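First the proteins, then the strands, lettered A, B, ... as listed; each starts at 1. Note that the coordinates shown come from a computational prediction; the quantities given were computed from them, not determined experimentally.
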There are 2 protein chains.
Amino acid sequence: MTKPEQDRNISSSFAKGLAVLAVFDAATPSMTLAEIARRTRQDRATARRGALTLVQAGYLRQQGRMLSLTPRVLALAGGFLQANQFGRRVQPILNQHARKIGAEVSLATLDQGRVLLLAQSTTEHGPITYGFTAGAHIPLVHTSLGRMLMACLAQEEAVALLESADIPQHTEQSRRDAAEILPQITKARSQGYCLTDSEFEPGIIGYAVPVSRPGQTPVVVGSSAPRGRDTGRNTEALLQALQICAADLRQTNVVEDL
Amino acid sequence: MTKPEQDRNISSSFAKGLAVLAVFDAATPSMTLAEIARRTRQDRATARRGALTLVQAGYLRQQGRMLSLTPRVLALAGGFLQANQFGRRVQPILNQHARKIGAEVSLATLDQGRVLLLAQSTTEHGPITYGFTAGAHIPLVHTSLGRMLMACLAQEEAVALLESADIPQHTEQSRRDAAEILPQITKARSQGYCLTDSEFEPGIIGYAVPVSRPGQTPVVVGSSAPRGRDTGRNTEALLQALQICAADLRQTNVVEDL
DNA sequence: ATCATAAGTACGAATAACGAACCAAGTCAA
DNA sequence: TTGACTTGGTTCGTTATTCGTACTTATGAT
């Protein structure tokens, strides 16, 4: 009577359940029922039904009062990874260049205004930086990957995204003002690469170059390395290597479709 | 009127929606609505609601009449991977041993009666075998990983699983009779490793050893290599290397909890 | 002990999902 | 071409399902 009936094509209970599954991120890998309810802003009873359904479906496990993800969630991602030939085509390229560069190489895209790590080189030696893996979300405004991704958008989209993003302060050097950051994005777009210095981790310089072509959904590849005394020379070489890596990735056509 | 009266704690629409998301696997990375409905055995209208909800939530994308997964599904798995420190602790171990062995190393567990690849070494050189990645399902009865996993179960569970599994014929050498396969599983359990020869890919020998301790949820690590003329000697070395790899993985305690 | 928080149960009301029936637009074979 | 078939989309009455309040039962900390 009162309610403008919402889209009959959308299953609201399903959407709520998905929200339950999505709250399990790296920061909170296991939660209690009440915590889920709070974070999804659902009624406790509703969250409970969603969680129990996920348990029954095998995506969550319940030990005591804690709920946590099961390996089965990997199967959901597996379809995407295999369909896009990540194992066969993307990963080798990332590894190859990571080895040449001597640092980890990451492939990332935008996902609901956050940086989503699509793949990451796995070097046997070399510094293991942060324990990021495919599927991880990383900061948007203070990483070279994030800024380069925003630079892949049209200027007005980038502005909107930047303004809606919150700007934490990871380090002393983290720029806090959007007005300071926006020029960096514009610069990145015009010069075709992005550098950040110590804004996410002190002493670490981030490098990123675009992979996607203009108009496509943004995909970038990047790396990071501690600032050394011959940083100037290295920067050139590193960016060039990343550009080649990006070109190789473009050739695989796996980034064509998002 | 009648008695639907199923568990009030389970949200059936949510479960149906999850089923829609789960049908997207490596074999069928993009499907039409009708196809989804057929494979999930849901009414077309029901499947449509589920799919559209997934589109709105950003997990599916619709191009023309085809629906396919978006990278966002990676975010679901990302929580699991980060929580268990796969990037930091598991992957380096797999890579290190893969390099030593000279072949890919895979970590796998059981998921609803199928073999689920948890992680896989990414070698820069060396043979890139099948394009398997984390989250992929691989055959159960004709791979060393699968048989070793079944060997990790109690005998009666293994028997039940084997009997419920279908037995395709990948190669000429694929054993087709459960009565033939069961002894192989028993043998694997008693000797602590499993070998398969050309039952999945002709000329390829599969090796697997357990990682999980008895009673835990089964986790195994394995590798594969083409049969050469010095296979006999290599088998020894390879199994030993895998055992060490398994021991290293046990020490990380990441497989404790599945 | 008390207080606070979490989890489980129950149930009537409200509604959201179901699926049949139908239409329009492709698609393919004859 | 025609005609049979498939697919996607829409509508709509029925009813099963979900919602959320309220109550009760753990668990745990002070």
Side-chain angles (χ1 to χ4, degrees), chain A residues 1-25 27-70 257, chain B residues 1-25 27-70 257:
Chain A
M1 55 194 282
T2 61
K3 270 322 162 44
E5 69 293 331
Q6 69 163 9
D7 194 342
R8 299 259 287 166
N9 298 327
I10 300 295
S11 168
S12 64
S13 356
F14 181 24
K16 285 177 194 167
L18 279 175
V20 170
L21 184 57
V23 289
F24 289 86
D25 60 348
T28 55
S30 74
M31 319 171 63
T32 142
L33 222 37
E35 211 169 343
I36 295 173
R38 267 192 310 257
R39 296 177 68 114
T40 58
R41 299 185 178 175
Q42 294 176 2
D43 186 89
R44 262 218 350 270
T46 304
R48 181 169 180 267
R49 277 186 287 271
L52 289 182
T53 305
L54 284 166
V55 169
Q56 192 198 249
Y59 295 105
L60 286 186
R61 62 197 301 248
Q62 196 169 16
Q63 33 196 0
R65 40 178 54 181
M66 296 311 262
L67 292 153
S68 54
L69 295 171
T70 71
D257 54 346
Chain B
M1 190 78 177
T2 57
K3 71 235 12 297
E5 252 352 295
Q6 65 167 14
D7 194 342
R8 299 258 285 169
N9 298 327
I10 299 296
S11 168
S12 65
S13 356
F14 181 25
K16 284 177 194 167
L18 279 175
V20 170
L21 184 57
V23 290
F24 288 86
D25 60 349
T28 56
S30 73
M31 322 171 63
T32 85
L33 270 176
E35 213 169 343
I36 295 173
R38 266 191 311 252
R39 296 176 68 113
T40 59
R41 306 203 173 151
Q42 295 175 4
D43 186 272
R44 270 222 331 277
T46 303
R48 181 169 180 269
R49 279 186 286 270
L52 289 182
T53 306
L54 284 166
V55 169
Q56 191 197 249
Y59 295 105
L60 285 186
R61 60 198 300 248
Q62 196 168 15
Q63 32 197 3
R65 43 178 51 182
M66 297 310 265
L67 292 153
S68 55
L69 295 172
T70 71
D257 52 348

Output yes when a side-chain donor or acceptor of A:Thr70 lies under 3.5 Å from a complementary backbone atom of A:Gly58, and no otherwise.
yes
Go through residues 31-61 of chain B and report each residue with a non-hydrogen atom lying under 4.0 Å from DNA chain D, sorted by number.
B:Thr32, B:Leu33, B:Ala34, B:Arg38, B:Arg44, B:Arg48
Distance in angstrom units between A:Ile10 CD1 and C:dA16 P, rounded
13 Å
Quick one: does A:Leu69's side chain get under 4.5 Å of A:Leu21's, heavy atoms only?
yes
So, do A:Gln56 and B:Asp7 sit near enough that their side-chain heavy atoms are less than 4.5 Å apart?
no
Axis deviation across the helix from C:dA1-D:dT30 to C:dA30-D:dT1, five-pair ends, to the nearest 10°:
50°
Side chain of A:Gln62, backbone of A:Val55: donor and acceptor closer than 3.5 Å?
no
Look at the side-chain N and O atoms of B:Ser12 and state whether any lies under 4.0 Å from the OP1 or OP2 oxygen of D:dT18.
yes
Rounded to the Å, how far apart are A:Arg65 CZ and D:dT25 C1'?
11 Å
Does any N or O donor sit under 3.5 Å from an N or O acceptor when you compare the side chain of B:Arg8 with the base of D:dT18?
yes
Is there side-chain contact between B:Val20 and A:Phe14, with at least one heavy-atom pair below 4.5 Å?
no
Atom-to-atom span, CG of A:Asn9 to C1' of D:dG9 - whole angstrom:
8 Å
Minimum side-chain heavy-atom gap B:Thr32-B:Met66 below 4.5 Å:
yes
Test item: B:Arg49 and B:Thr46 side chains (from C-beta on) under 4.5 Å apart, heavy atoms:
yes
Separation of B:Asp7 atom CG from D:dA16 atom C1', in whole Å?
15 Å
Test your reading of the model: is there a side-chain donor-acceptor pair from A:Thr53 to the backbone of B:Ser11, 3.5 Å cut-off?
yes
Are any non-hydrogen side-chain atoms of A:Leu33 and A:Arg44 less than 4.5 angstrom apart?
no
Below 4.0 angstrom from OP1 or OP2 of D:dT18, is there any side-chain N or O of A:Lys16?
no
Given C:dA17, is OP1 or OP2 found less than 4.0 Å from the side-chain N or O atoms of A:Ser13?
yes
